[in-house]
Amino acid sequence: MDKRIIIDQLLKAPEALIDTTVNVKGWVRTKRGNKNVAFIALNDGSTINNIQIVVDIANFEEDQLRRITTGACISVDGLLVRSQGAGQSVEIQASKILIYGEADPETYPLQKKGHSMEFLREIGHLRIRTNTFGAVCRIRHQMSYAIHTFFHQKGFFYFHTPLITASDCEGAGDMFQVTTLNLNDLPRKEDGSIDYDQDFFGKPTSLTVSGQLEGELGATALGGIYTFGPTFRAENSNTPRHLAEFWMIEPEMAFYDLDDLTAIEEEFIKFCVKWALDNCKDDLEFLNKMIDKGLIERLQSVIATDFVRLPYTEGIRILEEAVAKGHKFEFPVSWGIDLASEHERYLVEQHFKRPVIMIDYPKEIKAFYMKQNDDGRTVQGTDVLFPQIGEIIGGSVREENYDKLMTRINELNIPMKDMWWYLDTRRYGSCPHAGFGLGFERLMLFVTGMANIRDVIPFPRTPKTAEF
Ligand code: 4AD
Ligand code: MG
């Protein structure tokens with residue numbers, strides 16, 4: 001007997017296996033008991049739920065049982081029986097136990113008691129073995145699968161854009177440089193500047209902040225594409241919402257206008273949230289109990305409500321009205337400002353009490369590629385703003401007119417030397433198109449109820465942290 005059954009499968013359909021011998025393998029969560037019997041809660045990562053192993057102490061070596069402690073990895077053969085105790089429907093009466101790896105209780109950091117999130121970040125290599133991070137990782141997987149399913153069902157193609165790039169899509173300059181030059185002995189030109197001809201790619205390159213520009217090339221050939229991959233930003237933002245390495249989903253659609261764009265943004269988020277409710281029930285119930293009591297209700301309410309469409313100008317009017325009525329913001333409100341998160345949260349959490357898709361932003365605060373409105377001062381950008389999270393999606397209709405795009409590029413002094421290929425989309429068969437970027441970890445924050453973005457990715461990268 002040594003044909004392992006995965007605990008999730010066993011617990012989902014135990015009936016057929018009752019009174020047969022099964023084998024399970026996993027890590028000991030707890031061991032308790034008395035002189036005659038020990039109860040081991042075993043978890044193999046496939047589900048938040050443990051299987052209870054009942055050990056008749058008389059049948060086992062004392063030394064072997066002593067070595068089975070929290071964190072140890074074991075293989076158990078035994079009879080699957082209905083459980084007498086409360087809390088589980090079935091349990092295994094152990095007949096044979098093999099210890100793969102012990103976990104010295106003197107030093108193993110994950111003991112029974114609850115640990116703080118800060119402490120768990122310090123042991124990022126082991127925290128995945130906790131209930132909370134197991135749940136987060138399983139939900140992350142389910143959300144990835146939901147994303148591919150959504151776009152696949154719509155006929156979009158998964159399109160791979162490069163991670164190493166020579167262009168700064170967002171124009172914010174927050175890029176990690178990629179080089180093979182020897183930093184202690186940089187090759188110089190006669191004028192003293194660095195000679196990038198000698199660098200690996202023959203020019204300065206960085207890790208990408210967005211796959212959008214290449215995504216637009218895909219959309220103007222394949223119709224509808226999406227990217228889903230890591231993205232890098234060297235902004236020094238030490239907040240619970242920012243990572244230096246995060247995952248982004250960037251769909252890009254030919255022939256979509258502003259209404260089509262906001263419609264798919266809303267549909268996409270609702271699809272993912274509903275997927276979580278339908279497919280991550282046990283993990284969500286755990287998080288609802290342990291992390292955030294309002295979680296499941298909030299997820300249910302989001303899929304049942306219509307998101308507000310709010311022109312920026314109208315949003316500013318609402319905020320100014322709030323100020324006039326005595327509401328205090330840290331940062332002043334006036335037309336043209338880039339909204340601070342306190343402003344976004346006021347609109348979403350206090351004024352509308354539901355998600356808001358803000359549209360038609362001042363062109364000065366948005367990227368060069370956004371489609372310009374006829375008023376000459378706003379662009380068709382869209383930010384989806386969520387309760388507690390703030391901005392979860394940033395997107396826009398793209399400026400497809402070559403002359404207008406070039407004028408904007410010149411106004412902003414964007415170095416377009418290396419961007420001739422992007423401009424070619426507007427020179428040859430240009431078409432109306434639109435797209436957006438969803439921050440995967442921001443979605444994960446919403447779906448899990450976790451408070452800090454460092455706790456929804458297995459190995460977070462933030463300023464001064466690149467452990468594990
Ligand atoms: O608003 P952003 O900067 O938009 C773009 O990059 C566009 N090129 C997307 C597109 O239209 N294809 O970023 C998009 C989203 C944000 O709304 C946010 O959810 C997430 O990416 N994001 C971050 N998530 C975690 N850490 C950071 N430092 C993030 N910066 C942006
Ligand atoms: Mg943005």
Side-chain angles (χ1 to χ4, degrees), residues 143 147 151 156 159 161 163 165 167-176 207-220 224-253 256 258 261-262 264-265 268-269 272 312 338-341 344 348 355-359 361-362 365-371 379-386 388-399 422 433-447 450 452-457 460-463 465:
M143 288 297 93
I147 286 157
F151 289 113
F156 284 46
F159 190 66
T161 52
L163 299 189
T165 175
S167 51
D168 179 0
C169 172
E170 293 307 299
D174 299 323
M175 302 183 83
F176 290 101
L207 295 177
T208 189
V209 296
S210 163
Q212 176 194 325
L213 302 185
E214 290 89 353
E216 288 186 48
L217 307 182
T220 54
I225 62 93
Y226 68 104
T227 71
F228 184 6
T231 310
F232 308 88
R233 300 214 176 163
E235 51 189 339
N236 200 359
S237 302
N238 246 317
T239 81
R241 309 268 171 272
H242 288 88
L243 290 166
E245 176 180 298
F246 63 99
W247 288 63
M248 184 152 52
I249 298 94
E250 294 188 276
E252 195 70 33
M253 297 76 70
Y256 270 50
L258 186 64
L261 176 65
T262 59
I264 197 174
E265 289 172 344
F268 175 48
I269 296 188
C272 292
Y312 171 91
D338 205 353
L339 296 184
S341 85
E344 297 176 343
V348 174
V356 169
I357 308 185
M358 192 172 259
I359 56 174
Y361 282 84
I365 59 172
K366 288 293 182 188
F368 74 95
Y369 50 70
M370 295 195 181
K371 186 176 173 68
V379 289
Q380 296 185 9
T382 67
D383 275 8
V384 182
L385 309 176
F386 252 54
Q388 276 152 340
I389 313 295
E391 179 191 334
I392 193 164
I393 280 181
S396 80
V397 181
R398 314 308 188 191
E399 182 54 71
Y422 180 72
H433 62 289
F436 67 87
L438 170 80
F440 186 51
E441 286 74 21
R442 302 252 175 114
L443 174 70
M444 282 295 299
L445 279 175
F446 184 73
V447 169
M450 299 294 283
N452 194 309
I453 201 162
R454 291 165 178 79
D455 301 328
V456 293
I457 185 166
R461 297 290 179 254
T462 52
T465 322

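Both counts, for ligands and for their atoms, begin at 1 and track the order of listing. The model shown is predicted, which means the values in this text are computed figures rather than measured ones. Basis for what follows: all heavy atoms, side chains included, without hydrogens, waters or symmetry-related copies.
In this structure, the side chains of Trp247 and Ile147 stay at 4.5 Å or more apart for every pair of heavy atoms. You'll find the side chain of Glu235 stays beyond 4.5 Å of the side chain of Met175, heavy atoms only. You'll find the side chain of Lys371 reaches within 4.5 Å of the side chain of Glu399, heavy atoms only. Looking only at side-chain heavy atoms (C-beta outward), Leu339 and Met358 come within less than 4.5 Å of each other. With a 4.5 Å cut-off on side-chain heavy atoms, Leu213 and Ser167 count as touching. In this structure, the side chains of Ile453 and Met444 stay at 4.5 Å or more apart for every pair of heavy atoms.
Within the listing of ligand 1, atoms 17 (O) sit less than 4.0 angstrom from a heavy atom of Ile393. Residue Gly395 approaches ligand 1 through these ligand atoms, each under 4.0 Å from one of its heavy atoms: 11 (O). Within the listing of ligand 1, atoms 6 (O), 13 (O), 14 (C), 15 (C), 21 (O) sit less than 4.0 angstrom from a heavy atom of Met248. For ligand 1 and Ser210, the ligand atoms under 4.0 Å from any heavy atom of the residue are 6 (O), 8 (N). Heavy-atom proximity to Gly394, at under 4.0 Å, picks out these atoms of ligand 1: 1 (O), 9 (C), 10 (C), 11 (O), 17 (O). Here is the list of ligand 1 atoms found below 4.0 Å of a heavy atom in Arg241: 25 (C), 26 (N).
Ring planes of Phe228 and Phe440: perpendicular class, angle over 60° (limits at 30 and 60°). Relative ring orientation between Tyr226 and Phe151 is described as parallel, the plane-to-plane angle staying below 30° on a 0-90° scale split at 30° and 60°.
Considering both main-chain and side-chain atoms, Ile392 comes within under 3.5 Å of ligand 1 through a nitrogen or oxygen pair. Of the N or O atoms in Ile453, none lie within a sub-3.5 Å distance of an N or O in ligand 1. Taking any N or O of Leu243, backbone or side chain, at least one lies under 3.5 Å from an N or O belonging to ligand 1. Taking distance alone, with nitrogen or oxygen atoms compared against 3.5 Å, Glu252 stays at or beyond that limit from ligand 1. Close N/O approach between Val209 and ligand 1 is not found [any backbone or side-chain N/O within under 3.5 Å]. The shortest N or O to N or O distance between Glu391 and ligand 1 is under 3.5 Å. No N or O atom of Ser396 sits closer than 3.5 Å to an N or O atom of ligand 1.
Closest approach between the Mg ion (ligand 2) and any N/O/S atom of Glu391 involves OE2.
Closest to atom 15 (C) of ligand 1, if we only count protein heavy atoms, is Gly437 O, 3.6 Å. Of the protein's non-hydrogen atoms, the one nearest atom 11 (O) of ligand 1 is Arg398 NH2, 2.9 Å. Among protein heavy atoms, atom 18 (C) of ligand 1 sits closest to Arg442 NH1, 3.5 Å. Nearest protein heavy-atom neighbour of atom 20 (C) of ligand 1: Gly439 CA, 3.6 Å. Of the protein's non-hydrogen atoms, the one nearest atom 5 (C) of ligand 1 is Glu170 OE2, 3.3 Å.
Under a 3.5 Å cut-off, the side chain of Ser237 and the backbone N or O of Thr239 do not form any donor-acceptor pair. At least one donor-acceptor pair under 3.5 Å links the side chain of Arg442 to the backbone N or O of Glu391. In this structure, Glu250 contributes its side chain and Gly211 its backbone to a donor-acceptor pair below 3.5 Å.
Note that the OG1 atom of Thr227 and the CD atom of Glu214 stand 9.5 Å from one another [nearest 0.5 Å]. Between Glu252 atom CD and Leu261 atom CG the span is 9.0 Å, to the nearest 0.5 Å.
Of the listed options Glu250, Met370, Arg233, Arg233 places a heavy atom closest to atom 6 (O) of ligand 1.
Ligand 1 lies out of reach of Arg461, whose nearest heavy atom is not under 4.0 Å from it. The shell of residues lying under 4.0 angstrom from ligand 1, judged by heavy atoms, excludes Glu441.
Looking at Glu170 and Arg233, no side-chain N of the basic residue comes within less than 4.0 Å of a carboxylate O on the acidic one, giving no salt bridge.
Considering every non-hydrogen atom in both Pro230 and Leu163, the closest pair reads O-CD2, 3.5 Å.
In Tyr369, the part holding a heavy atom less than 4.0 Å from any atom of ligand 1 is the side chain. Neither the backbone nor the side chain of Glu216 comes within 4.0 Å of ligand 1, counting heavy atoms alone. In Phe246, the part holding a heavy atom less than 4.0 Å from any atom of ligand 1 is the side chain.
For the Mg ion (ligand 2), the set of nearby N, O or S atoms under 2.8 Å includes none belonging to Glu170.
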